[in-house]
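Single-structure report; data block below.
Naming convention: chains lettered A, B, ... in sequence-line order (proteins, then strands); numbering from 1 in each chain.
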Amino acid sequence: MSRLKRSGIFALIFSALLAAGCAHKPKNITDLPHGSAPAPTPPPDYGATQPPIRPNPNNAGNTGTGVGPGNVFNPRDNTHANDLGGQNNPGNQQVVVPAPIDTTAQDPSLGQRPPPGVEDRETLKGDTVYFDYDKSAIKNSEYAKVGAVAEYIKGHPESNLIVEGHCDERGTEEYNRALGERRALAIRERLVNLGVRSDKITTISYGKDRPVPGAEGHNDDSWSKNRRGEFVIEAQSPSLK
Amino acid sequence: MTPVSRRSSLILVAALWAAIPVLGSDPSIEIDIKAGKTRPIALAGYSPEVERILSFDLRVVGFEVVRSGANLELRGGAGPDVQGTLTEGGTARFSRAYPGGGLRSQAHALADDVVKEILHIPGIARTRIAFRRFTGGRSERGDRISEIVVSDYDGANQVAVTSDNNVALAPAWVPGRLALYYTSYRSRYPDIYSHDLTTGSRTIFAQFPGLNTSAAISPDGRRVAMILSKTGHPNLWVGDAGGGAPQQLTKSLEMEASPCWSPDGRTICFTSTAEGKAALFTVSPAGGAMRRLSTGGILNCTEPDWSPDGRFIAFTRASGEFSLYLVPAAGGAATDLRTPGEDPSWSPNSRTLIFTRGRDQQRRLSLLDVQTGHVEDVPGTTGNCSQPSWAR
């Protein structure tokens with residue numbers, strides 16, 4: 001900003017501060033726009049070079065099996081479905097069922113979801129890793145626990161591991177969902193560095209949706225107990241080996 | 001707070017902002033937030049039910065509903081359908097009847113006409129919202145069950161879009177359509193679903209390893225921004241609504257969250273911790289470097305939402321308490337809306353914000369009229385509701 005412009009603004013502010021001592025009508029309210037939002041520009045052309053969409057054979061949900069229908073929303077009054085001239089017209093549109101997203105092109109280093117097995121939350125319960133506020137770095141005090149988990153998984157090749165990431169209540173919902181994932185991924189990264197096969201480890205973030213029972217107070221004691229990564233072993237039943 | 005001290009603190013904000021050189025800010029935008037006065041209007045001749053609906057619709061947009069003695073008067077007539085004669089200083093502005101539909105939609109249509117006539121903007125009385133509701137039950141896994149609910153903006157006519165007895169959250173409307181995207185853990189993992197509300201048909205839109213969440217649909221409905229962690233960090237990706245491999249837009253080794261689109265579809269605004277505490281950034285959906293959006297020194301900025309008129313970005317400041325803020329879309333001094341709450345979503349006419357208020361299991365939805373500062377809770381959302389999304 002130029003000095004001239006800035007000094008001009010200071011002059012305005014100075015005189016406004018002088019005037020502020022007197023009661024008078026509010027400044028003009030910012031004009032609200034009339035009519036609708038500007039027309040959208042066409043998106044970049046993704047279509048020309050996209051690979052053909054192939055349903056992922058591991059993806060049981062995409063064709064409807066296992067997903068189950070959602071509920072239908074029936075506007076009660078069809079006469080008011082198309083109101084506001086297009087700004088909000090939730091009734092009577094063409095039905096478009098989006099195609100599933102192609103999940104075949106993915107980074108192989110982040111493990112596939114393990115097939116369902118016998119879920120064990122107890123064996124590694126004592127190794128729950130705790131984090132500092134708004135942080136996902138693994139503290140020195142927690143290294144030994146991650147090491148113990150690494151040894152266990154390496155010693156049980158039939159088992160897969162799920163690392164669950166959690167947060168305390170002080171972040172907003174989606175921010176905490178990402179932060180919980182960041183924590184789980186930090187643990188996973190360390191496990192891989194300790195020699196655990198990367199395809200053995202999956203992450204799930206719950207954000208702040210799963211506070212520890214009994215630790216739901218608005219205080220440091222509860223908060224510190226909720227900033228955690230938990231370990232769940234998915235052991236394969238012998239017949240599937 | 002008196003108007004004088006409020007104005008002084010706004011001037012103080014302006015002075016602080018002027019002292020900090022800010023690239024790309026527009027000094028000509030004047031934000032006179034919460035300094036507008038409510039306007040009295042008298043209602044007469046309506047049944048209690050219709051008056052209740054009209055009164056809510058008018059209060060939400062900054063009218064003060066009085067019994068008498070106002071320059072503006074709205075009078076109903078005899079007959080089963082809602083009618084309205086609006087007079088200003090004794091002069092008739094309009095006189096209309098609203099046949100068809102139910103009483104509720106008639107009353108909303110009248111309220112919208114009053115708003116159009118007096119405030120010269122389209123009304124919001126016939127718009128819809130989607131939100132997350134905790135039902136109070138527990139799933140088989142022991143999670144707190146939350147479902148997606150759609151309703152009128154005033155909380156009436158609520159319909160559960162999901163009844164999976166699982167954890168569904170973060171609904172996002174497809175602009176202009178009766179369709180939603182949302183996140184659900186019904187597979188045990190957080191996946192993004194797309195759900196056509198006219199047929200009930202839905203598909204899993206994204207189920208990559210790791211996190212799939214925070215879907216935001218472009219204004220033309222053709223692209224979906226989302227947070228995926230499949231390459232090892234929660235980053236921002238964009239995919240075609242019709243399918244195909246998504247494109248990675250951010251590659252920070254930290255985390256990104258809660259994207260939103262500019263109304264022209266050219267920019268995505270989102271939260272990132274790439275530079276320390278959570279701040280707002282923008283990126284082009286076509287790719288390129290992410291850029292910090294200045295918020296005048298305010299940090300812990302999350303959950304941005306871009307106003308449909310393109311001018312402002314509302315967001316949550318999460319510094320201990322949650323509170324609502326506005327920043328000009330080009331960046332600059334952020335304005336404290338002095339409203340405790342989180343996760344704002346703009347009305348289609350860019351005047352009202354719906355947001356989540358309260359804490360613990362008592363969170364509910366609330367409406368803030370940005371111009372006057374009037375706050376009105378959405379009835380019927382006290383059963384622990386959050387993450388509202390306003391249909392556009």
Please look at Asn235(B) and chain A and tell me whether the side chain, the backbone, both or neither of the residue comes under 4.5 angstrom of a heavy atom of that chain.
neither

Bottom line for Arg182(A): the part with an atom under 4.5 Å from chain B's heavy atoms is both

Top contributor to chain A contacts, counting heavy-atom pairs under 4.5 Å, from Pro234(B), Ala257(B), Ser258(B):
Pro234(B)

Counting heavy-atom pairs under 4.5 angstrom with chain A, the leader among Glu342(B), Gln106(B), Glu303(B) is Glu303(B)

Heavy-atom contact with chain B under 4.5 Å, split by part of Lys208(A)
side chain

Could you tell me which portion of Ser184(B) (side chain, backbone, both or neither) has an atom closer than 4.5 angstrom to a non-hydrogen atom of chain A?
neither

Atom pair CD1/OG of Ile124(B) and Ser347(B) - distance to nearest 0.5 Å:
5.0 Å

Atom group of Pro213(A) that falls short of 4.5 Å from chain B, counting heavy atoms
neither

Derivation of the side chain to side chain contact (heavy atoms under 4.5 Å, CB included) call for Glu174(A) and Leu169(B):
CA-CA 9 Å; Glu174(A) 289 304 283; Leu169(B) 55 119; 3.3 Å; yes

Between Thr213(B) and Met226(B), is a side chain to side chain contact (heavy atoms under 4.5 Å, CB included) present by the stated rule, with each step listed?
CA-CA 6 Å; Thr213(B) 194; Met226(B) 55 197 155; over 6 Å; no

Largest heavy-atom contact set with chain A, pairs under 4.5 Å, which of Thr356(B), Thr316(B), Asn300(B), Asp191(B):
Asp191(B)

Test item: side-chain donor near acceptor, Tyr175(A) and Arg170(A), under 3.5 Å
no

Between Ser146(B) and Arg132(B): side-chain donor-acceptor atoms closer than 3.5 Å:
yes

Main-chain N/O of Ala170(B) paired with Gln387(B) side-chain donor or acceptor, under 3.5 Å:
yes

Identify which part of Leu179(A) has an atom lying under 4.5 Å from any heavy atom of chain B, answering side chain, backbone, both or neither.
both

Contacting moiety of Leu180(B), where chain A heavy atoms sit under 4.5 Å
neither

Consider only side-chain N and O atoms of Thr302(B) and Thr271(B), and report whether a donor and an acceptor are under 3.5 Å apart.
no

Checking Glu254(B) against chain A: side chain, backbone, both or neither under 4.5 Å from a heavy atom?
both

With a 4.5 angstrom heavy-atom cut-off, which part of Thr273(B) approaches chain A: side chain, backbone, both or neither?
side chain

Looking only at Phe134(B), Tyr189(B), Phe322(B), most heavy-atom pairs under 4.5 Å shared with chain A are made by Tyr189(B)

Can you find a side-chain donor-acceptor pair between Tyr182(B) and His195(B) that sits under 3.5 Å?
yes

